[in-house]
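Note sheet for the following structure.
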Amino acid sequence: MGNRELSASEQQRLLRRGVAEIIVEEELARLLEAGRPLRLKQGFDPSCPDIHLGHVVGLRKLRQFQELGHQVILIVGDWTAQIGDPSGESATRPMLSPEEVRTNAETYLKQFFKVVDRDKTKVVWQSEWFGKFDLSDVISLTSKFTVAQMLAREDFAKRHAAGRPIALTELLYPLLQAYDSVMIKADVEFGGTDQKFNCLVGRELQQMAGQPPQQVFLVPLLLGTDGSQKMSKSLGNYIAIDEPPNEIYGKVMSIPDDLMMDYFELLTDVPDEELKQFRGELAAQSVNPMELKKRLAWEIVALFHTAAAAKEAEAEFERVVQKREVSVHISETVGIRDSVSVVQYREIANWLVSRQLVKSISEVKRLIAQGAVQIIHEDGSRHVVSEGSVQIRPGDVVQYGKRRFVRIINTDKETEA
RNA sequence: GGCGGGGUGGGUGAGUGGCUAAUACCAGCAGACUGUAAAUCUGCCGCCCGAAGGGCUACGUAGGUUCGAAUCCUACCCCCGCCA
């Protein structure tokens with residue numbers, strides 16, 4: 001509501017930092033200056049509900065716009081979800097039941113509002129309009145475009161040239177997304193650079209419908225933890241925002257050094273001047289990259305949890321990874337009856353497998369053979385488990401692998417499960 | 001309607017009768033090292049028993065040929081491209 005004047009520096013931040021492309025930049029700037037609350041379009045497919053850092057880049061931009069009084073219209077793509085975004089590889093996806101769509105959407109929204117301001121967001125479902133669509137509507141929508149126009153999209157063109165399949169429904173995808181823009185009278189559509197084509201179709205369709213075309217605000221695609229491909233769930237190189245602090249912290253620490261500055265720029269509020277300083281230090285090798293990365297990990301954890309949680313995650317990282325000490329967060333336990341027990345290595349293996357901490361007995365054996373299983377006594381002394389028997393007592397910790405632990409506790413009766 | 005290609009372990013993808021639990025790459029795991037869960041190096045990477053070794057299950061599905069099949073035959077299911 002209360003629109004504030006847009007200072008030059010705010011505008012700079014909004015339109016420059018972490019932005020890949022704005023179409024049409026001058027027009028967006030003019031809209032911002034006019035001061036009218038803008039309708040910001042953001043869509044998502046409830047086929048894959050988890051939000052990861054790759055999505056956050058754009059969501060943070062939405063947030064920044066909201067802070068200036070603008071309104072987010074979030075579109076639940078319950079129809080497009082059935083097609084599957086063709087910018088991915090695989091064409092066909094299983095149809096989701098309405099039930100699945102609803103639960104996915106709920107999960108998504110919960111995470112979405114960790115970043116975006118709920119009070120300045122309106123949630124609408126595609127089925128509000130596509131639910132009433134009939135064949136004549138489909139024909140009239142599709143008749144507005146040609147195959148050649150659709151093949152202008154790079155990934156369609158590539159696949160077509162390579163003789164790889166393109167489903168008819170995939171061609172429909174940009175049209176449906178564009179139609180959303182018409183229905184909500186979007187002023188600006190947000191997306192990653194891979195959304196460019198779809199957003200541009202939206203502009204055309206809006207004009208055909210007699211509306212002013214939306215501006216398109218594209219953010220860069222964030223690379224995943226592997227440092228080479230864009231962050232995505234299917235590639236397994238993602239950091240989800242609902243992961244626990246230790247996980248987020250550790251995963252950030254595992255990104256390649258040269259990705260750090262991108263992450264800083266796209267995901268944090270660390271001021272530009274400071275980033276400039278970091279770059280200088282890195283170039284001059286006057287700082288250990290690890291120290292900067294720890295700062296980054298801290299910032300990102302704090303974004304989705306709290307500063308205190310970030311601090312604790314950092315402490316845990318230093319403890320477990322850097323100093324190779326025992327984690328203070330051991331939730332798994334094994335109960336034994338006596339104050340001292342002599343157990344066969346097989347029994348330890350059974351503990352781990354029965355608790356589903358390790359997939360199979362074979363795998364535990366491999367771990368043992370590789371010297372990865374240790375008993376850590378309370379005085380800190382360690383005993384590497386090999387085949388044969390080993391003495392344990394309550395209070396000991398079994399470490400299996402780099403950072404996985406089970407604590408031995410005393411129980412009177414057997415604790416199973 | 002016609003012609004052709006294909007379905008292999010989490011992924012990509014080799015393998016056309018025994019040397020194949022199945023090349024290679026990616027992912028994953030472990031160890032070493034280190035400036036990090038980075039990088040690098042080494043090893044592991046179906047399940048079960050085991051000291052070595054052995055057993056079981058697996059290459060779309062179901063049968064068949066063979067001492068022996070992911071590999072040959074038959075039927076079926078599924079996917080894709082091209083031409084019309």
Side-chain angles (χ1 to χ4, degrees), chain A residues 53 88-94 156 158-168 170 223-240 243-264 278 281-282 284-301 313-325 327 329 344-347 349-350 352-354 356-374 382 384-389 398-405:
Chain A
L53 294 186
E89 278 292 300
S90 57
T92 44
R93 290 192 194 183
F156 284 151
K158 272 195 190 146
R159 281 202 270 164
H160 184 63
R164 300 221 315 278
I166 301 168
L168 277 178
E170 291 186 83
L223 291 181
T225 52
D226 59 352
S228 57
Q229 287 178 283
K230 77 166 187 176
M231 185 174 284
S232 90
K233 191 167 188 177
S234 53
L235 292 171
N237 62 356
Y238 68 102
I239 303 175
E243 294 188 63
N246 290 344
E247 281 302 306
I248 296 180
Y249 194 95
K251 283 189 178 181
V252 173
M253 289 306 289
S254 80
I255 66 171
D257 289 350
D258 54 9
L259 231 59
M260 263 196 295
M261 293 317 298
D262 282 351
Y263 275 48
F264 263 121
F278 290 170
E281 289 171 347
L282 284 171
Q285 300 196 338
S286 61
V287 65
N288 183 339
M290 178 194 63
E291 295 301 331
L292 285 185
K293 212 192 276 181
K294 281 170 84 170
R295 166 78 186 278
L296 175 66
W298 192 98
E299 293 282 346
I300 292 177
V301 173
E314 184 161 278
E316 175 80 356
F317 182 82
E318 288 168 358
R319 216 164 20 230
V320 176
V321 177
Q322 297 191 291
K323 298 193 196 136
R324 303 213 162 192
E325 291 172 2
S327 166
H329 307 286
Q344 292 293 320
Y345 80 96
R346 267 314 297 256
E347 197 168 342
N350 287 337
L352 297 175
V353 174
S354 67
Q356 299 184 345
L357 301 173
V358 178
K359 266 207 312 278
S360 65
I361 296 285
S362 302
E363 190 158 330
V364 181
K365 285 184 175 175
R366 271 176 230 132
L367 288 170
I368 289 174
Q370 290 170 129
V373 181
Q374 305 184 330
R382 286 164 182 258
V384 176
V385 175
S386 55
E387 299 189 355
S389 59
V398 180
Q399 177 170 11
Y400 56 109
K402 280 195 225 297
R403 48 183 211 275
R404 294 180 288 174
F405 306 90

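Letters A, B, ... mirror the listed sequences (proteins, then strands); counts begin at 1.
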Under a 3.5 Å limit for both distances, which nucleotide forms a Watson-Crick or G-U wobble pair with [N], could you say?
N      : result
B/rC56 : B/rG46
B/rG63 : B/rC73
B/rU36 : none
B/rU20 : none
B/rG9  : none

Exercise for review: Write down the distance between NZ (A/K294) and C1' (B/rU36), rounded to a whole number of angstrom.
Suggested key: 8 Å
Exercise for review: Please state how far atom CZ in A/F405 lies from atom C1' in B/rA30, giving the value in whole angstrom units.
Suggested key: 15 Å
Remember a base hit wins even if backbone is also touched, and classify [X] as base, sugar-phosphate or nothing at under 4.0 Å, heavy atoms.
X      : answer
A/P256 : sugar-phosphate
A/F317 : base
A/E291 : nothing

Determine: side-chain N/O of [X] to OP1/OP2 of [N], distance under 4.0 Å, yes or no.
X      : N      : result
A/K402 : B/rG31 : yes
A/R324 : B/rG31 : no
A/S360 : B/rC48 : yes

**Study point:** Trace of the side-chain contact (heavy atoms from CB on, under 4.5 Å) decision for A/I361 with A/N350
**Key:** CA-CA 7 Å; A/I361 296 285; A/N350 287 337; 3.3 Å; yes
Check your understanding: Which nucleotide in the list B/rU36, B/rC80, B/rC47 gets nearest to the side chain of A/P165?
Key -> B/rC80
For nucleotides 40-44 of chain B, list the nitrogen or oxygen atoms of the protein found under 3.5 Å from its nitrogen or oxygen atoms, one pair per line.
residue : atom : partner : partner atom : Å
B/rG43  : N2   : A/Q370  : OE1          : 2.8

Between the protein and nucleotides 1-11 of chain B, are there any N/O to N/O pairs under 3.5 Å, and if so, what are the atom names and distances?
none

